[in-house]
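Sharing a structure, written as structure tokens. Questions coming.
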Amino acid sequence: MRVMVIGSGAREHAIAWKLSGCPSVDRVFVAPGNAGTRAIASNLSAQAEDIPTLLLAAKQYDIDLTVVGSEVPLAKGIVDVFGQKGFQIFGPTRDGARIESSKAFARQLMDRHNIPSPDFKVFQSYGDGYEFLSKHEGPIVVKADGLAAGKGALVCRDREAAINALYDCMQDRIFGNAGAKVVVEEFLEGEEVSVFAFTDGENVSALTAACDYKRLLDGDRGPNTGGMGSYAPPDFWTKEMEAQVRREVMLPAVRGMAQEGAPYKGILYAGLMVTSAGIRALEFNCRLGDPETQVVLPPMRSDLAAVMSATVNGGLNKVKVDWGNQSCVGVVIASRGYPGDYRRWLEIQGLEELDEDILVFHGGTVRPQRKASQLLTSGGRVLTVVASGPTLDEARQRVYENVERVSFQGHHYRKDIGMTEKMVPTNRRVIGRR
Ligand code: AMP
Ligand code: GLY
């Protein structure tokens, strides 16, 4: 098989790396990729959201299977376009991707199929939303309906903050048209977990779970980021919980989508809150998580290409998905200033000093054409360094021993990734009075 991975982050590097080790895979292409993917695959100069150019690349390079990393091309309908032209592609159609691209759609789907989730209301006018929020004390969560690069959920401490958030979304349009519609929902407390399964539209594979760290600084302080690290599996992820999430969340969503005429294929990613009253679905995503992918793919024992093919073609029930039993910790090394402005083109040092079994997935790196021996930063989240081990403690120790050997000017990483005893719910962005 010749496979093409679409994207340029550490998640896509991890997917390309895993696929390159599959017996059925002859060649891996990444569009557009980065310096890390260039070392294991062929990078193509097509941008991840440029569907016509990606289609041309699939034709030119005779691609048998395309794998999409991020939600944006999926929500734009890349799977529909490739499918119409007879190309096999992994991921949901545009209609299927609504599970992520419209939070109102996802909430209503959960409601119709009795998936445990917070109480919610959808508003299409600022006036109606204002009237509702005026009668509510808070805390409460205000969410832009559409895609907002993971920033569209505003957790508000009180009434005033909630009304401000509504104003920002609907009147100021800080998320553009994504905020034309807003979901307001009950605030939940608990531990967050990202759960992943493959589905061919009918069958749901074994599930796996990981926790990510969204905030910039140790102890979940500082601004929200694209993710500063992750680990898998969480200690509270038991066989019983897996069975419950399959029964109460994954199967009803997949069956619901099929019944409603939009069969869903690809990865189903459920963002859950484990509350004292049980599990609740916070959101669905239509792809693998970043940085969770960097810790769930390394321990995986199954042939990823075979699993992805069965997901696209049906018959996933005949393929065993074995996520392995190693613990895995991934630490993101970022540039100073990220998630705000940061410097680029800083030389990265120390990668050759890492232990042999340590994985490094590149997020924002390049090698200059004139001096290919140099590795430079080109993004905010530069590298994810990953270690596996029989226990979480061991994996964490190994990863930090190695992270310390990597450097570039002003590099920054969290020191508490995988320290479960300090884990507090992640991703929380609480907006106070302004
Ligand atoms: P979402 O994009 O819907 O996953 O929301 C992003 C983040 O906001 C989640 O990872 C949670 O940390 C937080 N969040 C979303 N919905 C809720 C909720 N109902 N209660 C508490 N926190 C939430
Ligand atoms: N780790 C969160 C996400 O991928 O959306």
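Start at 1 and go down the list; that is how both ligands and their atoms are numbered. Numbers here are sequence positions counted from 1.
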Please work out whether any backbone atom (N, CA, C, O) or any side-chain heavy atom from C-beta onward of Glu189 is under 4.0 Å from ligand 1, and answer side chain, backbone, both or neither.
->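 Glu189 to ligand 1: no contact under 4.0 Å from either part.
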Identify whether the distance between the nearest side-chain nitrogen and carboxylate oxygen of Arg287 and Glu100 falls below 4.0 Å.
->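 Counted as a salt bridge, because a side-chain N and a carboxylate O are separated by less than 4.0 Å.
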Any N or O of Leu188 that comes nearer than 3.5 Å to an N or O of ligand 1?
->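 N/O-N/O distance below 3.5 Å exists for this pair.
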Which of the atoms of ligand 1 are close to Lys143, meaning less than 4.0 Å from one of its heavy atoms?
->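 Contacts of ligand 1 toward Lys143, numbered from 1: 3 (O), 15 (C), 16 (N).
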Salt bridge check: are Arg173 and Asp168 linked by an N-O gap of less than 4.0 Å?
->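 Looking at Asp168 together with Arg173, the answer is no, because their closest N to O distance does not fall below 4.0 Å.
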Record the part of Glu71 in heavy-atom contact with ligand 2 below 4.0 Å; permitted values are side chain, backbone, both and neither.
->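 Neither part.
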Pairs in or reaching into residues 118-144: which pass salt bridge (charged side-chain N to carboxylate O under 4.0 Å, His left out), with residues at least two apart or in two chains?
->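 Residue pairs with at least one partner in residues 118-144: Glu131-Lys135, Glu137-Arg159, Lys143-Glu185.
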Evaluate the side-chain hydrogen bond (donor to acceptor under 3.5 Å, both in side chains) criterion for residues Asn402 and Glu404: first the C-alpha distance (whole Å), next the side-chain angles of each, then the deciding distance (0.1 Å), finally the verdict.
-> CA-CA 5 Å; Asn402 282 274; Glu404 282 166 12; over 6 Å; no
Not counting sequence neighbours, list each pair that qualifies as a side chain to side chain donor-acceptor pair (under 3.5 Å) and has a residue in residues 322-334.
->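 Matches after skipping sequence neighbours: Arg301-Asp322, Arg301-Asn325.
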Contact check: Arg11 vs ligand 2, nitrogen or oxygen atoms, below 3.5 angstrom =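 Such a contact does not occur with ligand 2.
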Ligand-residue contact atoms, ligand 1 with Glu185, heavy atoms, under 4.0 Å |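 With Glu185 as reference, the close atoms of ligand 1 come out as 16 (N), 17 (C), 18 (C), 19 (N).
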Side chain, backbone, both or neither: Glu192 near ligand 1, heavy atoms under 4.0 Å |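 Side chain only.
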